[in-house]
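Only one structure is covered here, and it is reproduced in the block below.
Because only heavy atoms are used, hydrogens play no part in the values below, and waters and symmetry mates are left out as well, while side chains stay in.
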Amino acid sequence: VNRNNGEVLHELDIRSADNSDWDPAQPNKLLVASHDASLAKMQGCSSHPHENCPAPFAIVELDTDDYSQRTLFQTEGEYYGAGTAALRVGDKLFIGSFSGERILVAPIGYGVE
């Protein structure tokens, strides 16, 4: 959105986008957490804040120059779910969740076909 006049410059299709973080090594790349679970499932996880929330999610990289996007990580959430934020460090992603007491460290490309 153009901040001066409110004109929509581009629209993107990222399913249930959550938090986003800039990639410190690539200033034109935005890492976006994308959820693939129902609101009811996500709310159910809130009643067990110290446990894993088995909700599917992906981390999507958005190029802010040409608006291209690619999935960097994807999981069904069985062992670590409901990822809400990611930070790239080298060839790995450090992923946080609103549920549980762990941080996931995963190679870029995991679960992506």
Side-chain angles (χ1 to χ4, degrees):
V1 175
N2 182 316
R3 293 186 299 173
N4 294 324
N5 62 17
E7 175 190 6
V8 175
L9 302 174
H10 196 82
E11 291 185 28
L12 300 166
D13 185 19
I14 298 177
R15 182 177 172 90
S16 300
D18 195 358
N19 296 313
S20 59
D21 296 288
W22 291 106
D23 184 337
Q26 301 179 74
N28 66 318
K29 306 284 183 168
L30 190 63
L31 304 178
V32 182
S34 171
H35 297 283
D36 194 17
S38 69
L39 181 58
K41 181 170 190 150
M42 298 294 272
Q43 286 176 330
C45 291
S46 296
S47 61
H48 305 285
H50 301 291
E51 298 175 14
N52 177 51
C53 177
F57 75 96
I59 302 298
V60 178
E61 175 189 74
L62 169 65
D63 186 311
T64 59
D65 290 335
D66 64 10
Y67 303 110
S68 63
Q69 59 191 44
R70 70 181 178 127
T71 302
L72 298 181
F73 175 89
Q74 190 168 340
T75 182
E76 290 301 313
E78 180 180 355
Y79 301 106
Y80 188 92
T84 56
L87 175 66
R88 183 192 329 234
V89 178
D91 63 347
K92 296 191 177 5
L93 293 170
F94 287 68
I95 303 170
S97 175
F98 75 91
S99 182
E101 299 173 339
R102 300 175 283 168
I103 291 177
L104 176 63
V105 180
I108 292 174
Y110 179 87
V112 180
E113 296 177 12

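- Around the CD atom of Q26, the shell of radius 6.0 Å holds more than 12 heavy atoms that belong to other residues, nucleotides or ligands.
- Minimum interatomic distance between E7 and N5 (heavy atoms only, all atoms of both residues): N-OD1, 2.9 Å.
- Nearest approach of C45 to S99, heavy atoms of both residues: O-OG, 4.1 Å.
- Just one residue in the list F73, Y80, Y79 forms a ring pair (Phe, Tyr, Trp, His ring centres under 6.0 Å) with Y110, and that residue is F73.
- Counting all heavy atoms, side chain and backbone alike, D63 lies closest to K29 at OD2-NZ, 3.1 Å.
- Connection of L87 to W22 is not established within any shared hydrophobic cluster, with ILVMFWY side chains joined at heavy-atom distances below 4.5 Å, either directly or through further cluster members.
- Residue D13 places its CG atom among 12 or fewer non-hydrogen atoms of other residues, nucleotides or ligands, all under 6.0 Å distant.
- Here the side chains of N52 and R102 are in contact, with some heavy-atom distance below 4.5 Å.
- Going from atom CD1 of I108 over to atom CZ of R70 covers 7.0 Å, rounded to the nearest 0.5 Å.
- Hydrophobic clustering keeps V1 apart from L9 (ILVMFWY residues linked when any side-chain heavy atoms are closer than 4.5 Å, directly or through intermediates).
- In terms of heavy atoms, A86 sits closest to I95 at CB-CG1, 4.1 Å.
- The backbone N or O of A58 lies less than 3.5 Å from no partner atom in the side chain of S34, so there is not a single donor-acceptor pair.
- When all heavy atoms are compared, the tightest approach of T84 to D18 is CG2-OD2, 3.3 Å.
- The structure places CG of L12 at 5.5 Å from CG of L62, a figure rounded to the nearest 0.5 Å.
- A donor-acceptor distance shorter than 3.5 angstrom exists from the side chain of T64 to the backbone of N28, with no hydrogens or angles considered.
- Here the closest heavy-atom approach between residue T71 and residue V112 is recorded as O-CG2, 3.6 Å.
- Using the six-membered ring where Trp is involved, F57 and H35 have ring planes that are tilted, between 30° and 60° apart.
- Hydrophobic clustering keeps I59 apart from F94 (ILVMFWY residues linked when any side-chain heavy atoms are closer than 4.5 Å, directly or through intermediates).
- V32 and L72 sit in two unconnected hydrophobic clusters of ILVMFWY residues. Membership requires side-chain heavy atoms under 4.5 Å apart, directly or through other members.
- Remark: D23 CG to E61 CD distance equals 7.0 Å, nearest 0.5 Å.
- Side-chain contact check for L31 versus L93: some heavy-atom pair is nearer than 4.5 Å.
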